[in-house]
Amino acid sequence: GGSDDSDDTSGGGGGEETSEGGDYTIGVANFTLGGPYFNGMDTAIRAQAEDRGVEAISTDANGDAAKLASDVEDLISRGVDAVIISGGPLESAPAVLNSLSAAGIPVVLVDRQFQTGEYTSWLGPDNERIGVQDGEFIAEYLPDGGKVGIIKGGPADNSIGLARTEGFTSVIGSNPAFEVVEAPDFGGWGSDGGLTVMENLLASHPDMAAVFCENDAMCLGAQRAIENAGLTDQIVLAGVDGQLEALEAIATGGNYVVTGLNSADEIGRLGLDRALDILDGEDVEKDTVVDSPQITQDNAQEHIDRLNEITSGS
Amino acid sequence: MTSQTAPPPVEDDRRTSRRQLPRLVVGGRDVTSGVGFVVALVLLVVLAAVTTENFLTEQNLTNLLRQMVTVGLLAYGMLVVILTAGIDLSVGSVVAFSGIVSAGLVADLPIPLALTVGVLAGVGFGLVNGLLIAGFDLAPFVVTLAALTTIRGLAFVYSEVPIAPEDPGFFTLGTALAGPIPVPTLIMVGVFLVGGIFLTRTPAGRAIVAIGGNRETVRLAGISVKKHLVLAYTISGTCAGLAGVILASRVGIAQPSVGVAFELDAIAACVIGGASLAGGRGSVRATLGGVLVLSLINNLLNLHGVQSFWQQVLKGLIIIAVIIVQRRSMGERA
Amino acid sequence: MTSQTAPPPVEDDRRTSRRQLPRLVVGGRDVTSGVGFVVALVLLVVLAAVTTENFLTEQNLTNLLRQMVTVGLLAYGMLVVILTAGIDLSVGSVVAFSGIVSAGLVADLPIPLALTVGVLAGVGFGLVNGLLIAGFDLAPFVVTLAALTTIRGLAFVYSEVPIAPEDPGFFTLGTALAGPIPVPTLIMVGVFLVGGIFLTRTPAGRAIVAIGGNRETVRLAGISVKKHLVLAYTISGTCAGLAGVILASRVGIAQPSVGVAFELDAIAACVIGGASLAGGRGSVRATLGGVLVLSLINNLLNLHGVQSFWQQVLKGLIIIAVIIVQRRSMGERA
Amino acid sequence: MTLRIRGVRKSFGPVEVLHGIDLEAGKGEVLAVVGANGAGKSTLIKILAGAQPASEGELWLDGDRLDLRSPHDAHEAGIRTVYQELTLVPELTVTENLLIGSLPKRAGLIDWAAAHRRAQALLDELGFGAVKATTKAGRLSVARQQMVEIAKALVSEPKVLVLDEPSAVLAGGDLDSLFALIRRLQERGVIVIYISHRLAEVAALANSIVVIRDGTVVATTTPAETDESELIALMAGRRLERIYPDRRPAAGDTVLAVHGLSRDGEFSDVSFELRAGEIVGLFGLVGAGRSELAHCLFGDTRPDGGSVRLDGADLRPSGPGAAIRSGLALVTEDRKRTGIVASMTVRDNIAMATMRASMRGPLIDRPAQGARVAGMVERFDIRPAHSAGMRIDRLSGGNQQKAILAKWLLAGPRVLILDEPTRGVDMATRVDIYRTVDELARAGCTVLLISSDLTEVIGATDRVLVMHEGRIAGELDSAGATEDQVLARSIGEAA
Ligand SMILES: Nc1ncnc2c1ncn2[C@@H]1O[C@H](COP(=O)(O)OP(=O)(O)OP(=O)(O)O)[C@@H](O)[C@H]1O
Ligand SMILES: Nc1ncnc2c1ncn2[C@@H]1O[C@H](COP(=O)(O)OP(=O)(O)OP(=O)(O)O)[C@@H](O)[C@H]1O
Ligand SMILES: O[C@@H]1[C@H](O)[C@H](O)CO[C@H]1O
Ligand SMILES: [Mg+2]
Ligand SMILES: [Mg+2]
């Protein structure tokens, strides 16, 4: 990814007032809201909709693909003009996409790029890139190498986690100074899961030097487990997302050393803009990779400020 | 012989007189014949129709019919198990397994065969559940909870990633329409009809109902309790397998993670329909009513564009309101 | 004439002789006294100790003690409800709500007060569950399922995003150690001890047990069934509130999404411990044993580095093996 | 002190089952209430117990008008009731069942040692010392559970004690203990309302007798003014010519031959033969092992030793189903636990053992099944007459028993084992049952009649086997046998 982040999506990002808007209704189909990231996404889309003066109706499928299909059908019944799908760990939903295209309704995917089926446009992060970034940072941070734990998010029907871990191990795994141990159990993308998985990992591998988690929520839990075990000085953490609490931890200069920004807020807002552009008949890019800057102690405060600005601003 | 005053019939079962209708109450009182249940259903429909203009559109009604299929199929199987005083927590995992296996096999087998294998997987899991529960006399809750875990694991072992068959023939089962009515809905209604007749008109069905009422009496009447328990869990597994295959075909992609907590909705449909988890009481028709209630609530909230978290808050409250209305009108303890 | 025919006592209850131990069997047979259960537990421990070198490390044992707290607390409350022949599906949502509310209040209130409010939220939800179930005579399954949905929604309404209090005092409750033993574990053990005494030695506790055995008898004995049902659900809610607050404090971050499916583990612990969902039978000690079994299985699989999907597959199979061993040694139907 | 019931009416839905009952009992009086099955006796006492509200009418005790809204109110007023159906909590100990609601406490906690002592003392005092207070109620025999039920009503001495068929499950010495107990209570001024179908008992115990028929008091009398046959006539609304049928012609070939049958801890070395068309009684005291023997013959349990031959061929049923296919049928002694499926209709219950008898393809032929059931309802005069579609637990106890018999008759058994089949059954119905059993025997069926009723076990049979502590302790020809002879063998005296 380059640094051309919002160049191709005029009027995105900051949420400046734009005059158009029309009286469109945008449906937002969330696969799940059971995680801060997905929540942030939904909130961002709705906030941007308000800023742009259009109506947004969001649904939550509670992690159930069938309900996602029903929700989209309900949205079609309500006569929405476009649908944004935040598909979470769902990798694809051909029937949903089919029924939308049958109804002639444009679809914008945010975060996850579906592997099959026809969609109008996608915006999301380059997950492998984030993993590589984290790996590179750790490799540099621990020149003597050591044992590195990996905490995976969830049932692997998500290419996103796999891509992050692959990116990370492509750097660390190929470096003979490092030994990689993957936690056997999943952290479920949440802090409580991250905590338990880390505790169990420490029971077998108390000699770790670093831990990579597929998202920040898990890393925050893992950080507590490390602290409880009195190993804060020995083990550093690397995460993904840029969740506020993680940024704060990084800013304090403790053992949480790096994360890769995967801004739900930014992607969400861009997603809504993209939907409106399509409705206005503009020619849009089909797939857009949203940049994922690396965040370390050096620039953490910047990102915290920006996040605070966004959340208080809308 | 007794010329005595035979007292007038005490509480004659009024349904005995309209025997022409299939008698789908399989034990205990039929809550759908209670005013409250019908009132609650009608109230929901009227509420939906009056407060949103989109409810009575063909599009929406078709959605509604389609959306009830999964819970509906699971609920019938669950009812059979609940009637024996059992429970089947594994259905959600079976949905996932059957779906992913049939989607996976599409690459190698003709589609109808692949789908059949998916359903057969459900049959097999149900059979194993039943054999463990009946054969070792184990608590259904723990056995099917363990099955929930194991089968979910197996679904992921089969394929960690979702499988989306290329062949559009895979979508036919799930998306076909017969006129305005989705084919899956017809299948579900068929299951309820045949299943209703099974429970009310066949010796095996009656035995299943009786087991939940008093298994000792049934055993001493020379009926094999074990055999019928195995049958009940096999039926539930079969329904779950069918639901899984239809769901995968409808969504167009089979996920190993699908179906979490489906068992709760299925049980809820039965219980809203007046079934007792203590066994022996439940109604096929009322269970279908329970499925309808749950689907209507979701549809209503979505059509109103209620925000997700508030949807959850309201959904719970509406369910409670529905069962209070129903309970009130039944008077006595369900 | 009465002198002639007193037949010898038909069968004496053998456990009556060791009454000096606190009698934590609250109804029915105490499965922990069954050899099978102890065998299963010992087997698991030996298996863990022999097959992995890390099992008997302080770090691991502390983990084990820490990780059983949530399920343990929920299981005690669940047992109380199950004894009345009820069920409480809402506990996982209460865990989330209590945790996030107490974390949220840390900004405005002294920490002990914030934590107390979190627990009180659990008390409140339990009370409402109980009032609905007892007051309107509703099915516990549906009421608490509705509560599961509503309370989860409320947790998200309170805060969509996780809350991580800055004040490190918030972590104390969850992470403090008393020697090598985590304070939360001590709290859990305390709940089981006091709770055991409550169920075996107080009139209210006995009434709760009796209600599950035969609620009509309790009513005919002039004891208020409603009052004790409300009490039972309130206890369960309280335990869930406590579990939620401890969990949030331990993780350091309260998430509104935490606790999904916790109810299944809690129920499983009770049932593995021999409790009957039909009520009246269950044991405090054996429930603790059930909690231990579940934790040991998880720990064992993790120490062996079994990959997640296979962990699930094996976990289910081990649970089934455990209950088969237990059942065999009990001989008669649990 | 007087108990007065005035104009009590009770309806279930649109149907009135009590049409204005009046009765009165004074201090120390034993008032017997008799009536056919379904007459309304239990309904009446449930009203008196506060367990069900009356639709109309008044209750007076000691000159106070009672307003009983709950069982608690009745307790407060000093009215204690022993219900017809057992109400113990099976998972709890006898102690707890007895003292539920009044367990002794020390420092706020229940003092179990004291509780057990108190419970045991109470049982001993009442003459029920054979029951151990620390046993779980569910492990007691039905008879002992009944003793606990009675003891429970006497935890605090009541003003009025209501006993609904307490003797139905008691026999021999236990019965004597109960009678002695009632006399003691009577002396202390307790009013006892006593319901029973055993008229000899009623005559021996009662000061006055009220006869209820179809929800109406048809007579108030005393034992001195009346006799059994008149009472039966009042209850039934017709005269019964005789109670037991004539003797049947000599029996045919041996059908069932039991040799040296044993089952550890239950019965041992049991041998006897039953012939075609014969009715054989099996008498014994509680715990003698009769029910266990019956269950073993029926394939429900496996014998440890010995053999059973049916028509000369070895009979080793693998379970009740196999036994039924071989031509056996068993009417169990515990109606509620093993006789009925309470949640199902009378029809479902009657058809239970013969569901495959009328099929149309894979489906049950409902009209044909309905006709068979209706035939049975009529033959046994099961009331109400149109009860086929009713839940069976809405029927009175005696009518439930008739439905169970009907279930087994439909199976057309060759050997019919009846375990206490007339327990809780009114006299007129008993006569129907005896007649039906006689008809079956005449048609060649072999009947083993287990009974604790001495009169019945002699009157309704051809021969009587007597069991004592798991062994056959004697055999008598019913024609010449006396009650004393049978009783003596059952307690291990004489030979
Ligand atoms: N809950 C109920 N609903 C409807 N009918 C009932 C109910 N309880 C009792 N009845 C009816 O009331 C009548 C009187 O029944 P009850 O049990 O009082 O008779 P009983 O005299 O005690 O008979 P038995 O000698 O057989 O015990 C019967 O016809 C019975 O079917
Ligand atoms: N597991 C058990 N624990 C305690 N008592 C038991 C158990 N199993 C059976 N009993 C009781 O032991 C007694 C054994 O005798 P059995 O029932 O054969 O006697 P019976 O001659 O049929 O007497 P009854 O008049 O009670 O029918 C029964 O009353 C039965 O209820
Ligand atoms: O990209 C998101 C986030 O990283 C989240 O934490 C987990 O799910 C992924 O889809
Ligand atoms: Mg009666
Ligand atoms: Mg017996």
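On a predicted model such as this, the values are computed, not experimentally measured, just so you know. In the text below, chain A, chain B and the rest are named by the order of the sequence lines, each starting its count at 1.
- Atom CD1 of residue Ile110(D) and atom OG1 of residue Thr200(C) lie 7.5 Å apart, to the nearest 0.5 angstrom.
- Interface residues of residues 221-228 of chain C toward chain D, defined by a heavy-atom distance below 4.5 Å and sorted by number: Ala221(C), Gly222(C), Ile223(C).
- Once rounded to the nearest 0.5 Å, the distance linking CG of Leu220(C) with NE2 of His75(D) reads 7.0 Å.
- For Thr43(D), there are no side chain to side chain donor-acceptor pair (under 3.5 Å) partners, not counting sequence neighbours.
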### Task
Go through the steps for Thr217(C) and Lys152(D) under the test side-chain contact (heavy atoms from CB on, under 4.5 Å), then give the verdict.
CA-CA 11 Å; Thr217(C) 299; Lys152(D) 191 171 148 187; 3.4 Å; yes
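- Heavy atoms from other residues, nucleotides or ligands lying under 6.0 Å from CZ of Arg106(D) number 12 at most.
- For chain C, the option among Asn97(D), Leu103(D), Val131(D), Val89(D) with the highest count of heavy-atom pairs below 4.5 Å is Val89(D).
- Closest heavy-atom contact between Gly213(C) and Pro90(D): O-CD, 4.3 Å.
- Contact annotation for Leu88(D): only backbone heavy atoms (N, CA, C, O) come within less than 4.5 Å of a heavy atom of chain C.
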### Task
Run the numbers on Ile100(D) and Val218(C) for side-chain contact (heavy atoms from CB on, under 4.5 Å), then give the verdict.
CA-CA 8 Å; Ile100(D) 193 168; Val218(C) 174; 4.3 Å; yes
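- Nearest approach of Leu92(D) to Arg206(C), heavy atoms of both residues: CD2-NH2, 3.6 Å.
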